[in-house]
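In what follows, a structure is listed as structure tokens, so that the remarks can point back to it.
Quick caveat: nothing in here was measured; it's all calculated off a predicted structure.
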Amino acid sequence: MSVSAVGFDLDYTLAVPTRDRETILSEAAAAAGAPPLSREAYLRAHQNNLTRETRAPIFESLLAEHDSTVDAEAVATAYRERITDAVVPVDGVEAMLVGLRTTYRVGLLTNGPVVAQEDKLTKLGWHDYFDTALVTGSLPAGKPDVRSFEALLDGLDTPPEETVYIGDSVHHDIAGAHDAGLIPVQVVGPDCDDPDPRAIAHIPRESLPTKLPELLADL
């Protein structure tokens, strides 16, 4: 097996929030004058809005369930600002990304609205860390749809069998990459999904900066 490119998920793979997202959602709703919103309902609405510019359609759906007249864009902005402020890189991943680019093409494919995910990348200062960085909000489909992974391959200009994809979600990352013909590697940890057999390896998130380069060198 010859590997020429590496693709990454963003949230809970390369970067994590310093505060619980359920708490952040509660704070954002309260700040915008919205009723309490559940994390479970948010995730369902998020999955149905992976190709949007902002999170406003997500919150429009949630607020409609409560018959609330609060401005969805105001809730989306409050949530985005708090999430962006809380996101931090996993220790060591920046040096890892720099090192990987000396040998491989390196890409990012992250689910979510464009503004929200671009704000995270700007806050992290990561726009120059990737050969291609794709947010599904600007694509025809989000992960796990094969089309999103095909867009990543187009950006990397590599075939799927030479491209490793690393992520934490079994449904979005591992299943999606596997079905698209990429080589899946799963990030695992206390807030991640259980290990999935479709991944060729399972790496604890805190060990990713040291274990992933070793794995890639052995493929």
Side-chain angles (χ1 to χ4, degrees), residues 1-17 50 87-112 117 120-121 124-136 139 141-219:
M1 184 187 304
S2 175
V3 174
S4 56
V6 187
F8 290 93
D9 170 50
L10 177 60
D11 295 297
Y12 295 99
T13 297
L14 295 176
V16 293
L50 296 177
V87 71
V88 296
V90 172
D91 287 345
V93 298
E94 293 166 322
M96 177 194 70
L97 293 170
V98 171
L100 290 177
R101 287 189 73 190
T102 65
T103 304
Y104 312 98
R105 299 274 292 169
V106 177
L108 181 78
L109 175 63
T110 176
N111 267 353
Q117 298 305 83
K120 292 176 187 175
L121 291 175
L124 293 165
W126 284 3
H127 284 286
D128 295 330
Y129 276 59
F130 304 98
D131 295 293
T132 186
L134 302 177
V135 178
T136 63
L139 301 178
K143 298 182 293 183
D145 194 295
V146 168
R147 289 174 291 174
S148 64
F149 289 94
E150 290 173 343
L152 175 65
L153 294 171
D154 287 344
L156 292 170
D157 193 25
T158 56
E161 65 272 12
E162 294 181 12
T163 307
V164 173
Y165 187 78
I166 300 96
D168 67 293
S169 169
V170 168
H171 176 66
H172 297 112
D173 301 319
I174 305 307
H178 176 271
D179 292 347
L182 286 75
I183 306 163
V185 171
Q186 186 179 354
V187 168
V188 293
D191 54 0
C192 299
D193 293 340
D194 292 336
D196 187 273
R198 287 169 291 188
I200 65 160
H202 307 94
I203 302 177
R205 186 167 54 221
E206 68 273 12
S207 301
L208 191 66
T210 56
K211 297 298 184 184
L212 180 62
E214 294 173 358
L215 172 67
L216 295 173
D218 289 339
L219 293 179

>> Between S2 and E162, do the side chains contain a donor N or O and an acceptor N or O under 3.5 Å apart?
In response: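 No donor-acceptor contact under 3.5 Å links the two side chains.
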
> Does the side chain of S4 come under 3.5 Å of the side chain of T158 through a donor N or O and an acceptor N or O?
Replying inline: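 The answer is no; no qualifying pair exists.
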
>> Please check: side-chain N/O of T13 versus main-chain N/O of L10, any donor-acceptor pairing under 3.5 Å?
In response: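 Flag not set: sc T13 to bb L10 has no pair under 3.5 Å.
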
> Hey, is the main chain of D196 close enough, under 3.5 Å, to the side chain of H202 for a donor-acceptor pair?
Replying inline: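 Side chain of H202 to backbone of D196, a donor-acceptor pair under 3.5 Å: yes, one is there.
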
Kindly give the heavy-atom pair with the smallest separation between [X] and [Y], and that separation in Å.
{"X": "C192", "Y": "Y12", "answer": "SG-O, 4.4 Å"}
{"X": "A151", "Y": "L139", "answer": "CB-CD2, 4.0 Å"}
{"X": "V146", "Y": "A180", "answer": "CG1-CB, 4.2 Å"}
{"X": "G7", "Y": "L152", "answer": "CA-CD2, 4.3 Å"}
{"X": "A199", "Y": "I174", "answer": "N-CG2, 3.9 Å"}
{"X": "L124", "Y": "A15", "answer": "CD1-CB, 4.0 Å"}

To the closest 0.5 Å, what do you measure between [atom1] ([X]) and [atom2] ([Y])?
{"X": "I203", "Y": "E214", "atom1": "CD1", "atom2": "CD", "value": "9.0 Å"}
{"X": "S169", "Y": "D11", "atom1": "OG", "atom2": "CG", "value": "11.0 Å"}
{"X": "L182", "Y": "E150", "atom1": "CG", "atom2": "CD", "value": "9.5 Å"}
{"X": "L14", "Y": "L97", "atom1": "CG", "atom2": "CG", "value": "5.5 Å"}
{"X": "Q117", "Y": "K120", "atom1": "CD", "atom2": "NZ", "value": "4.0 Å"}

> How about F149 and Y165: are their ring centres within less than 6.0 Å of each other?
Replying inline: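 Yes - the distance between ring centres of F149 and Y165 falls below the 6.0 Å cut-off.
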
> After noting the C-alpha distance and the side-chain angles of D91 and V93, does the key distance pass the side-chain contact (heavy atoms from CB on, under 4.5 Å) rule?
Replying inline: CA-CA 6 Å; D91 287 345; V93 298; over 6 Å; no

>> Please determine whether a side-chain nitrogen of the Lys or Arg among R105 and D157 lies less than 4.0 Å from a carboxylate oxygen of the Asp or Glu.
In response: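 Judged by the 4.0 Å cut-off on N to carboxylate O distance, R105 and D157 do not form a salt bridge.
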
>> Could you check whether R205 pairs with D168 (Lys NZ or Arg NE/NH1/NH2 to Asp/Glu carboxylate O, under 4.0 Å)?
In response: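 Not counted as a salt bridge, because no side-chain N and carboxylate O are separated by less than 4.0 Å.
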
> Going through the distances and angles, do V90 and L208 end up as a side-chain contact (heavy atoms from CB on, under 4.5 Å)?
Replying inline: CA-CA 9 Å; V90 172; L208 191 66; 5.7 Å; no

Would you call [X] and [Y] a side-chain contact if the rule is heavy atoms closer than 4.5 Å?
{"X": "L121", "Y": "L108", "value": "yes"}
{"X": "L100", "Y": "M96", "value": "yes"}
{"X": "D194", "Y": "V170", "value": "no"}
{"X": "F8", "Y": "L109", "value": "no"}
{"X": "L215", "Y": "V185", "value": "yes"}
{"X": "Y129", "Y": "V106", "value": "no"}
{"X": "W126", "Y": "P89", "value": "yes"}
{"X": "P17", "Y": "V87", "value": "no"}

>> Is there a side-chain contact (heavy atoms from CB on, under 4.5 Å) between T163 and I183? Walk through the geometry before answering.
In response: CA-CA 6 Å; T163 307; I183 306 163; over 6 Å; no

> Take atom CG in D191; do more than 12 heavy atoms of anything else shown fall under 6.0 Å from it?
Replying inline: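 It does: D191 CG has more than 12 such atoms within range.
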
> Quick one: which of D9, T136, T110 gives a side-chain hydrogen bond (donor to acceptor under 3.5 Å, both in side chains) with K143?
Replying inline: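 Looking at D9, T136, T110, the match for K143 under the side-chain hydrogen bond (donor to acceptor under 3.5 Å, both in side chains) is D9.
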
>> For a side chain to side chain donor-acceptor pair (under 3.5 Å) check, start with the C-alpha distance between D193 and Q186, then their side-chain angles and the critical distance, and finish with the verdict.
In response: CA-CA 9 Å; D193 293 340; Q186 186 179 354; 5.5 Å; no

